[in-house]
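Chain letters run A, B, ... following the sequence lines, proteins first and then strands; every chain starts at 1.
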Amino acid sequence: MTPVIYIPKDSGALAMGAEKVAKAIETELKARGETARIVRTGSRGLYWLEPMVEVLTEKGRVAYGPVKTKDVRSLFDAGFLSGDQHHLWLGKPETIPFLAKQTRLTFARCGITDPLSLADYEAHGGLAGLRKALAITPADIVRTVTESGLRGRGGAGFPTGIKWKTVLDQVAERKYIVCNADEGDSATFADRMIMEGDPFVLIEGMAIAGIATGATKGYVYIRSEYPHAVVAMQAAIDVARKANVLGTAILGSPNAFEMEVRVGAGAYVCGEETSLLNSLEGKRGIVRAKPPLPAIQGLFGKPTMINNVISLASVPVILDKGATHYKDFGMGRSRGTIPIQIAGNVRHGGLFEAAFGMTLGEIVNDIGGGTATGRPVKAVQVGGPLGAYFPPSLFDTPFDYEAFAAKDGLIGHAGITVFDDTADMLKQARFAMEFCAIESCGKCTPCRIGSTRGVETIDKISAGIEPAKNLALVTDLCNTMKFGSLCALGGFTPYPVMSAINHFPQDFAPRPVQEAAE
Amino acid sequence: MQLSGNQIEVADVAARTAAVIASHAHLEGPLLPILHAVQEEFGFVPTESLPVIAEALNISNAEAHGVVTFYHDYRRAPAGRHVLKLCQAEACQSMGSDKVAEMVKSALGIGFHETAPDGSVTLEPVYCLGLCACAPAAMLDAEVIGRLDAEAVDEIVAEVRR
């Protein structure tokens, strides 16, 4: 058989040199007069092993990584086209513990298939959810999503089915599906990975959402910092349109659904759903007051279902395997799986899809393997720049919406940034305020002014100016921002700030004293 | 060769802007796609483009100006031949992105939001490239780079000076 070589072209793999490795492999094949088919895939999400190259042999798929260009010749010498031993040999990818411990529902195909091959997609279970959706009524689709327990994966955790029902119940000549792919939170890359590695699953999810709610037009709003995801989504939409997965007769049915990619322009706040809608309309990305809910009056004033990438990409498997199958994973009111993104100062960083319920400590220490620097973990920020910093003493917290809320935190888009003991939590708290000041849309006062005052006040604490008084002032300011801001940017910035203050008070002690003590 | 602002004729800007608008006229909410395409065309969004866009979309000059200035991506002046974006968000911070930024700044002799005097490179901070498991990360023009260290910084500096 002709060997098949799988080389990822996911941004993370490219950042680690996958393109050069692909070229080196092509050159080596030519030089040796060997033939092999090269397939460019997404990433499996094991970023410390990227670029991870896989070879399909008679023994199945065998992985090698991290492959550098200088390793290519020795890989061929060692017989990697037949899956033979080499110091980069990892064996069957599914047996690598990081992958073996996962439950991949949403990311079932990511890193395995050619992202732009619809045949590959179907061969691995794709389009089965869409076919089932076409065979039942819109109300039944919505009921299935509701019963699955799926909650908005963008961070808010609102029950997806309830949102869908609101849009379904509206009577309008035009409705929209908007996919929020403005994944701006640091430590999160699940949206990027799925758009680059399995774009058809998002298209399928959006088409199902359209059929379920009566919407005929979908927009994917992708941040400009993700150029590779933009290209992949656009290419996949073109393929889907040609194959009638999109268009005026979805898979030959009377249902119509069209899709378009829109690119953001570098504003973090556009990840907030109402400012995203304004941005799509060609306006400043200013937050809108709610009500009216976007589901009733959204894009261009029409009923609009706005969902995160992962929420929509989880819908096909729910329709295909049924609500119960999905719901049976998880704990409490957090049902199904969640793609956890382990990032920052961590040995084994990457995407880990698992049922809700693992503890934070298991994720950071057992799965992530502790810090990359080998130093003790000091803090982990869960949920991006608006998420709380957790100390190791809270590592028994299970990964669950309610459990995190009970500890004054949030799981957000499920990104985790690990910091070692060299982290300065005052600096991190200051950054949270600074970031809010840079990205505030300016509509509401607590966020616009509070963030700047927050930076100044934390600077005073740092300089040892009336620290007790200024700490009280920051606390009061956080309270005002939390309860007085229109959206999560101003409203959640207090999470990283207050968690840093509460869990790491020693870092807020007057600086001169600290230096004298050193 | 990149044009600098004063080398572009106003009439030329208007004509090229009008062509960009024409190719996006069919879109719903076309302003952001138009501004992206204008920036692609000129390397920045010329002030002279705004009245043309405003007129075509039936919005005020102030609205067009308001949108351009709201978004970080739109440039009001040409960038250097290369644009280097260094991620400064939390995941990269945890891996020493501030030290990398200092290295780059001192090697290039410029700070964030500045362009080298020889026009070779514009340096910008970026808040997340989605490469958080390969931190610290950067983007040089369209190329993504992970796990930046002193060696990678040297290579980047050599590349932009070439």
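For chain B, the option among A:Ala187, A:Ala190, A:Gly349, A:Pro227 with the highest count of heavy-atom pairs below 4.5 Å is A:Ala187. Chain B forms more heavy-atom pairs under 4.5 Å with one residue of A:Gly384, A:Gly17, A:Pro385 than with any other, namely A:Pro385. No other option in A:Arg223, A:Gln381, A:His228 has as many heavy-atom pairs under 4.5 Å with chain B as A:Arg223. Counting heavy-atom pairs closer than 4.5 Å to chain A, the top-ranked of the candidates B:Ala135, B:Pro30, B:Gly66 is B:Gly66. Across B:Ser94, B:Gly146, B:Ala142, the residue that shares the most heavy-atom pairs under 4.5 angstrom with chain A is B:Ser94. In terms of heavy-atom pairs under 4.5 Å with chain A, the best-connected choice from B:Glu143, B:Met95, B:Glu90 is B:Glu90. Most heavy-atom pairs under 4.5 Å with chain B: of the set A:Asp10, A:Ile438, A:Val346, this distinction falls to A:Ile438.
A pairwise comparison of heavy atoms in A:Ala267 and B:Phe70 identifies CB-CE2, 3.9 Å as the closest pair. Residue B:Cys128 comes nearest to A:Gly184 through the heavy atom pair CB-O, 3.7 Å, listed as atom of the first residue, atom of the second, then distance. Of all non-hydrogen atoms in B:His36 and A:Ala265, the two that sit nearest each other are CE1-CB, 3.9 Å. Scanning both residues, B:Cys134 and A:Met16, for their nearest heavy atoms gives CB-SD, 3.8 Å. Closest approach of A:Ala343 to B:Ala91, counting heavy atoms only: CB-CB, 4.4 Å.
Heavy-atom distances place no part of A:Asp191 under 4.5 Å from chain B, backbone and side chain included. For A:Tyr226, the part sitting under 4.5 Å from any heavy atom of chain B is the side chain, from C-beta outward, and nothing else. Residue contact with chain A, scored on non-hydrogen atoms closer than 4.5 Å, involves the backbone of B:Gln88 exclusively. There is no contact between B:Ala64 and chain A, counting heavy-atom distances below 4.5 Å. Using a 4.5 Å cut-off between heavy atoms, A:Ala229 does not touch chain B at all. In this structure, chain A has heavy atoms under 4.5 Å from both the backbone and the side chain of B:Leu27. Interface remark: B:Val126 contributes side-chain atoms only to the contact with chain A (heavy atom separation under 4.5 Å).
Between B:Glu28 and A:Arg174 there is a salt bridge, with a side-chain nitrogen of the basic residue lying less than 4.0 Å from a carboxylate oxygen of the acidic one.
A:Phe435 has its ring centre less than 6.0 Å from the ring centre of B:Tyr127.
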Review point. Can you check side chain to side chain donor-acceptor pair (under 3.5 Å) on B:Tyr71 and A:Ser279, steps first, answer last?
Key: CA-CA 10 Å; B:Tyr71 295 96; A:Ser279 185; 2.9 Å; yes
Working for side chain to side chain contact (heavy atoms under 4.5 Å, CB included), residues B:Gln93 and A:Thr417 = CA-CA 10 Å; B:Gln93 290 168 12; A:Thr417 303; over 6 Å; no
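By the 4.5 Å heavy-atom criterion applied to side chains, B:Leu131 and A:Ser11 are counted as neighbours.
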